[in-house]
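If you scroll down you'll find the structure; I have some questions about it.
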Amino acid sequence: MPGFELFGDAERKEVNDVLDSGVLMRYGFDGMRNGHWKAKELEQELENKLNVKHAQLTSSGTSALNVALAILGVGAGDEVIMPTFTFVASFESILNAGAIPILVEIDDTLTLDPKAVEAAITSRTKVIMPVHMCGSMADLDALKDICERHNIFLLEDACQAYAGTYKGKALGTIGNVGCFSFDYVKTITCGEGGALIMNDDKLAKHADQYTDHGHDHLGSDRGLETHPVLGYNYRISELNAAVGLAQIRRTDEFINIQKKNKKILKDALRAIPKVSFRRIPDEDGDTATFLSFFMPTAELSLKVVDAFKEYGIDAYWNYYDNNWHYIRKWNHLKDLNTLFPLSDQIKKGMQNLNTLEFPKSDDLISRNISCLIKLSWTEEEVKERAENMVKAIKSVIQ
Ligand SMILES: Cc1ncc(COP(=O)(O)O)c(C=O)c1O
């Protein structure tokens, strides 16, 4: 999903502004900064672009999730519902909050299955956390409806889906809070960085404080600021924000290239009846960072993976055996291999994770292949790739 593919003068200019002033921190040093406030400017650009009242930058997508859970008041003994297919940051952030990750099945959107979510709700459920994997979104109407009926927060992990939309609204703005990652391999990058967005003023104030040791950010002497709440250091640096500032202005350029490239590949694969595609609840809002499709059986999808190698296709995944993204290989989570003692509530809440089965997720993930869409391909290269993908798939189904 990489904006880094098209790195250039715009990024260099923003970074040089920061280096020239020498102020690498987002707060203070007003007199030395030559008027440069890259983090503040990037927050403003995010708010304008996504049509949301507040954006708070953080040091990473993982820290954005930590902050989001904290400002939603998630803590000891609370349950957070998350999907079996995601990135390890989902359960890391929940455990970091002292809460219990409740893993549930996905559906053909490759994220939370609303029926499984509803069945998993208990009196302790505080948050439902859909993860908009591989650039496209969850079934947000259904999930929002569940949240409203049960009085539960909706936290969108849109780390992989910045600039996606759902029924005309930016992903991340449908729930109470939305999170983004701007790490090196995301749609736009800061190198390392993240953000959370929200419309609620109180949540935004807490996000501002919590990301910076609880500082109230009032007045002009950092040492005299008060700390209305406990907080931590989840700050982004000005250098990282500067890169993101150049990249955010290129969002439409990146998304348009991805959409064009994805369409060529998807249209080619449509001609193969045994290929079916991931359900995208709002096709117009897809960021087109990935093309995700299913083969009819797990066996066939492994054969396609091998055939792709033979035909020189790169950058695709079958996540069934992946250590980062799918529950099957999260042994450190299932065995609770932490460096420190966990609460009895967490241990009790997670005691069944080693034996729980997720047949629907296993079926979908084992049959799925997700192909990265690159920005740097020429049209000829995409067309050649499409031809080779079709040939590779046909070679295993005949
Ligand atoms: C779905 C999802 N959530 C959270 C994260 C964490 O983001 P970061 O790497 O910026 O901490 C990632 C990163 O890959 C991700 O894919």
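When a ligand or atom number is given, it counts from 1 through the structure's own listing order. Both backbone and side-chain heavy atoms feed into the values below; hydrogens, waters and symmetry mates do not. Because the structure is a prediction, the values reported are computed rather than measured.
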Side chain, backbone, both or neither: which part of C159 has a heavy atom under 4.0 Å from ligand 1? side chain
Compare all side-chain heavy atoms of L356 with those of L103 and state whether any distance is below 4.5 angstrom. no
G193 and I236: which non-hydrogen atoms are nearest, and at how many Å? CA-CD1, 4.0 Å
Side chain proximity check, K360 to I106, heavy atoms < 4.5 angstrom: no
Where does T62 meet ligand 1, judged by heavy-atom distances below 4.0 Å: at the side chain, the backbone, both, or neither? both
Is the side chain of S376 donor-acceptor paired with the backbone N or O of E5 at a distance under 3.5 Å, no angle test? no
Mode of E192 contact toward ligand 1 - side chain, backbone, both, neither (heavy atoms, under 4.0 Å): neither
Proximity winner for atom 5 (C) of ligand 1, if only heavy atoms of Y184, F180, W324, F87 are counted: F87
Using a 4.0 Å cut-off to any heavy atom of V131, which atoms of ligand 1 qualify?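 It comes down to these atoms of ligand 1: 1 (C).
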Should the heavy atoms of other residues, nucleotides or ligands under 6.0 Å from CD of E299 be counted, would the total exceed 12? no
Pi-cation contact, F277 with K266 (under 6.0 Å, within 45°): yes
Below 4.0 angstrom from a heavy atom of D183, which ligand 1 atoms are there? Numbered from 1 as shown, please. 8 (P), 9 (O), 10 (O), 13 (C), 14 (O)
Heavy atoms only: which of C134, A161, G61 is nearest to atom 10 (O) of ligand 1?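 The nearest heavy atom belongs to G61.
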Suppose I only count heavy atoms of Q160 and a 4.0 Å limit; which atoms of ligand 1 are within that range? 1 (C), 16 (O)
Against the six-membered ring of Y320, is R328 placed for a cation-pi contact (under 6.0 Å from the centre, within 45° of the normal)? yes
Quick one: closest heavy-atom pair of R279 and D139, and the distance?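 Scanning both residues completely, I find the closest heavy atoms to be NH1-OD2, 3.9 Å.
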Which atoms of ligand 1 sit under 4.0 Å from any heavy atom of S60?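 Answer for ligand 1: 10 (O), 11 (O).
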Examine T86 against ligand 1 and note whether any of their N/O atoms are separated by less than 3.5 Å. no
Under 4.0 Å to a heavy atom of D157 - the qualifying atoms of ligand 1, by number: 1 (C), 2 (C), 3 (N), 4 (C)
Flag F182 as yes when one of its N or O atoms lies below 3.5 Å from any N or O atom of ligand 1, and as no otherwise. no
